[in-house]
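Treat the numbers as computed from the prediction; the structure is a model and nothing was measured.
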Amino acid sequence: MTSVIRFLDVHKSYRVDGREVPALQPFNLDIVDGEVFGIIGHSGAGKSTLIRLINLLERPSGGRILIGDTEMTALPEPALRAQRRRIGMIFQHFNLLASQTVADNVAFPLRLAGERDAEKVRERVDELLARVGLSEHAGKYPSQLSGGQKQRVGIARALANRPDILLCDEATSALDPQTTASVLDLLASINRELKLTIVLITHEMDVVRRICDRVAVLDAGCIVESGTVADVFLHPRHATTRRFVEEALPEEAATAQAPGVAGRVMRLTFRGGATLQPVLSRVMREHGVDFNLLAGRIDRIKDLPYGQLTLALEGADTDAALVALRAAGIEIEEMGA
Amino acid sequence: MIASPLQSLFPNIDDWGELGHACIDTLLMLGGSLALTVLIGLPLGVLLYLTGKGQLRAMPKFYGVVSLLVNVLRSVPFIILMIVLMPVTYALVGTKLGVRGAIPPLVIGAAPFFARLVETALREVQQGVIEAAQAMGASTWQIVRHVLLPEARGGIAAGITVTAIALVGYTAMGGAIGSGGLGDLAYRYGYLSYKSDYMLVTVALLVVLVQLLQMMGDRIVARYKRH
Ligand SMILES: Nc1ncnc2c1ncn2[C@@H]1O[C@H](COP(=O)(O)OP(=O)(O)O)[C@@H](O)[C@H]1O
Ligand SMILES: [Mg+2]
């Protein structure tokens, strides 16, 4: 796993009315080749600042930013522009040229890069529009498209120069849930097929859960937690992370905290293969433990199936049952103790 | 005789050819000065925009100076500007009179005005679109050429219309101090010689001209604004 993006002791402050206002506290971060890396945080946490540091739309106040072996912060202007062509970017509000057709919007980065051959441009545009499923809309103007279609144009445009990295600044935040899902599917397929590294920022845990491999949680300019999505999502440690997870799973928060339940309340997490085996009923039967199901869910984190059950356990042999469950690869946390 | 109904309507107008000539002079002054105004005002407007606070090439001091100069030129009433500029006009085109003599002050009066309209139109362009172009590796010049100007073309077209109409007014004023055209006729015959039918006809022609300019401008703006 080689890092494609490295932040080394990077920090960022903005100058507001002559005062330096910190937006990002010093941090280190490695984003590796081919992964989908999510950065989640509330509004104002510093997500946009962080992602804009990658292509130097925002200059860091200190520290170094490396893309591959290139130190971005040391590049002179023309080299920086060339480097930016290797990094695609899509935006919450799409940022398409209203005066240009869909095809011209997608051709724009090719023309900026100096491609003069009209035939080549046309071919590449056709190819890109086919990939994002907009071939029939080439001649339309952005104002004639739906939000989801606009973001697809944005994606086609971002891919035009065959970048190694795609940055997504709240790319689905202006879209309805169904459109969000289809845009995320498109991003996931691009990540798989083009082996492109994706960095995306969002305030929705669901976006992270669907397509990210790893995630960093940003809170008031600090990275408070980071790791694989499965670890962070299934076992959130920081309060901010917990809140994000709860927002993604509102029903559980309510039932698991219901008062007056007898027994010890435990949360069992099954990942991958364990989700699909009848471990629970076998262990409970063998140890004579009764359980009351308080909450539960079986779902996926990206491609990983998982189950999470909150149970109230009653029986003399509960501890032995827990040991057996752990031995079977099930993660167990005691709740509300 | 063809002229007879006109003759009876406007008995004081004895030389329709002169009126036609004046029309052509006004159109020449307008066309020439508008072309030069756009040629000078457009880059000036882009410069004002780019060097403004928080913009791509922010240069607060430079912006302050240019901005002040533009404001000074804009605040001098045109007729005074024309008189003050006479030596400059003479140096530039070799005459202070006629269509040629009118063009330098018209341009110097209108270009700063148009530049401001361009600056305002450019500020309407979404910051995000500019940022997207930057993220794609566009240079400042590429952003101006391929993002700012195309995206602001509706606003710029509206600015050209407003400027053209202001120029019609300026050319009429210029008539009073020797630049010729319809304003000259209105002033000499209509005002100084009390031939009110001259006044009526020239004003009517100016109204028609302004109306035509506005209609043309609105059409272009509407076409650009559709998307
Ligand atoms: N250009 C700027 N000038 C001054 N302050 C800024 C600027 N951009 C962002 N900030 C501040 O930095 C903080 C982080 O902003 P941002 O990165 O946009 O957060 P997020 O994308 O997570 O909502 C906020 O407090 C914001 O007000
Ligand atoms: Mg943001």
Please state whether the side chain, the backbone, both or neither of [X] comes within less than 4.5 Å of a heavy atom of chain B.
X	result
R157(A)	side chain
L112(A)	both
I90(A)	neither

Looking at [X], I'd like to know if its [atom1] atom is crowded, meaning that more than 12 non-hydrogen atoms belonging to other residues, nucleotides or ligands lie closer than 6.0 Å.
X	atom1	answer
Y90(B)	OH	no
R100(B)	CZ	no
D117(A)	CG	yes
H42(A)	NE2	yes

How close do [X] and [Y] get, heavy atom to heavy atom, and via which atoms?
X	Y	result
N55(A)	A135(B)	ND2-CB, 3.7 Å
P109(A)	M136(B)	CB-SD, 3.7 Å
E131(B)	L57(A)	CG-CD1, 3.6 Å
P150(B)	Q100(A)	CB-NE2, 3.8 Å

How many angstroms lie between atom CG of L97(A) and atom CD of E151(B), to the nearest 0.5 angstrom? 4.5 Å

So, taking the atom named NE2 in H93(A) and the one named CD in Q127(B), what distance separates them when rounded to the nearest 0.5 Å? 13.5 Å

